[in-house]
Number of protein chains: 2
Amino acid sequence: MRIVGVDAGASSTRCLVVNENGHILGYGVGGPSNHKIIQLQNACEKIFRSAFPDVTYPSVESLCFGKAGILREQIVETIVKKYVNPKHLYICDDMKIALAGASLGQPGILVYAGTGANTYGIDEAGNEVRVGGWGYIIDDEGAGYSIGRQALKQVFRAEDGRGMPTILREKVLLYFGCATLHELLEKIYQDDGLPRAEIAALSKLVAEAAEEGDKVAQEILAWAGRTLAETAIVALQKLGKIDQTFTIYPAGGVFRAGHWILEPFTETLYKGAPLAKIKSPCFPPVVGAIFLALKMLNLRPNDEFLNNLKNELEKIKWLNN
Amino acid sequence: MRIVGVDAGASSTRCLVVNENGHILGYGVGGPSNHKIIQLQNACEKIFRSAFPDVTYPSVESLCFGKAGILREQIVETIVKKYVNPKHLYICDDMKIALAGASLGQPGILVYAGTGANTYGIDEAGNEVRVGGWGYIIDDEGAGYSIGRQALKQVFRAEDGRGMPTILREKVLLYFGCATLHELLEKIYQDDGLPRAEIAALSKLVAEAAEEGDKVAQEILAWAGRTLAETAIVALQKLGKIDQTFTIYPAGGVFRAGHWILEPFTETLYKGAPLAKIKSPCFPPVVGAIFLALKMLNLRPNDEFLNNLKNELEKIKWLNN
């Protein structure tokens, strides 16, 4: 039996194929597929060819596809079915697979902060809630892109005499190989602006600077932590769980900044929701897609399944990055 | 004698030619020229052909070119000299011509807020100061783009249950011809994001909504007004004019929102700098370029010059838009 999970995101598209015992049968990774149909087409061709190298038009028992961005389900379905023949197909939001992977399919709230940010929760009755995640133009507070922009903003505010001096200036100049802020401006705005992922990557420098004692960097991360916690509080309110025990999963690269972001996150969360629990995600989103594909077959992963999967996943590094 | 001013901006490039008495000899308007060399080339070809329809390679006494964006002076000089032969050529920042036009070449501070925002000042001794204006990725607070983004953000925060309801929701949906917020998202992010000028254009809806009593819209404009006033205060501090009489010129489309932005602007400014004076700009930036071109010849515009220019400019509508 072939169970397939796909995590289609803004930076890559990942596919995992397992059997009914949680043994990995294949996997593949492709480019981003959140935005343009041609991207999705290319990514699907690549991941399914990697995952099923010896089979033309493979039949699979159940496939769950977690899509990001604004592509419509009908388009995803058409393209997926060009490459595989799923008996059951479930297309859903990527936040849904991310939460399922984090919580082993249990109720909870996932606070995701990568290049973008998004908060999604589901309760025992299946009621769903979504807060934020409206994209970089509208509302990306707490996301890597917003942290990177804040870093740049504070460097230039210090230059203006509007903000405190910060070692982010030297770090950012060094990172981009620029000698002056004018060169940095040229770099940032060339070709109508640096890609958002490159600006989001500056959040690593902010974490470094915070670690080295830079107050400006520490405050940027504290702001991000508070903002992300606020989305969790709104999600708890909307699910009617604000004064109950309910689990929150912080996920995504932004939380790798460690305690500089987790402490203000935790503090703000507990102030608003004293009984909330914070847990690290159990599995990555693509495994959440596997769980949801199993659910289509009325199956749940048992301990043997989870152990097999866990052991074999450790050998596939990219799934965890 | 031909005196030429050019205002090269992010939305258009404008050229004006006058004689030594302020009579208009020609003018032209072209596309944006702030970013790419090819844009600058096209815009220059267009404006100089319009301004000098019957002359091949015209000689001019003095030309001042106010450039926006990151194009280097050397490039601007090379391209300008393909089309005209200036005895004196002065290439400067577009904020410098904007202030010269606003203040008739007198000391002062120009607070510009169009699609982007920028604050520039100069004192009697010629000391210059610049605050903000680092572009939309880094710091555009108070600019039309930031007001438009705030409008979108508040619409979606209300949808999340994180903010107050606002009539901006209906206004924005109607403006883009969308029935739902999902359609609006598709519109905003199609082709990797709406052009910034289109998002900045939403600031008109914010002004309308404020006028109709919408608290969310009023607070967005108040925030913009306060933020822009803060840049003026920092500029005054840096020029050592914080407790002296010194003139501030608010300019650009954002200030057309009227008292909703001007009142918080004024209040914040006077709190920080009680002796500052606020005045409307006298002339548009392209006329400031004319003043600076005259200065290259050690000339100053006299009353006759200014009256002639003013009367004739009124017939050229686009110069004032």
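A, B, ... follow the sequence lines: proteins, then strands. Residue 1 opens every chain.
Of the listed residues B/L181, B/I188, B/L194, the one with more heavy-atom pairs under 4.5 angstrom with chain A than any other is B/I188. If you tally non-hydrogen atom pairs under 4.5 Å between each of B/Q150, B/K153, B/H182 and chain A, the highest count goes to B/K153.
For B/I137 against A/Y189, the heavy-atom pair with the smallest separation is N-OH, 3.1 Å.
When the heavy atoms of residues 157-173 of chain B are compared with those of chain A, the residues falling under 4.5 Å are B/R157, B/E159, B/D160, B/G161, B/R162, listed by number. Along residues 220-237 of chain A, the residues that come nearer than 4.5 angstrom to chain B, judged on non-hydrogen atoms, are A/T231, A/V234 in order of number.
Among residues two or more places apart in sequence or in another chain, the salt bridge (Lys or Arg N to Asp or Glu O under 4.0 Å) test is passed with A/K204 by none. For A/E186, the salt bridge (Lys or Arg N to Asp or Glu O under 4.0 Å) partners are B/R72, not counting sequence neighbours.
Side-chain contact between A/I138 and B/R149 is absent, with no heavy-atom pair separated by less than 4.5 Å.
Contacts between B/I199 and chain A at a heavy-atom distance below 4.5 Å involve the side chain alone, from C-beta outward. The part of B/R130 that comes within reach of chain A is its backbone (N, CA, C, O), which places non-hydrogen atoms under 4.5 angstrom from that chain.
Counting heavy-atom neighbours within 6.0 Å of A/I37 CD1, excluding the residue itself, gives a total of 12 or less.
For the atom pair CH2 (A/W134) and CG (B/L152), the distance works out to 12.0 Å, reported to the nearest 0.5 Å.
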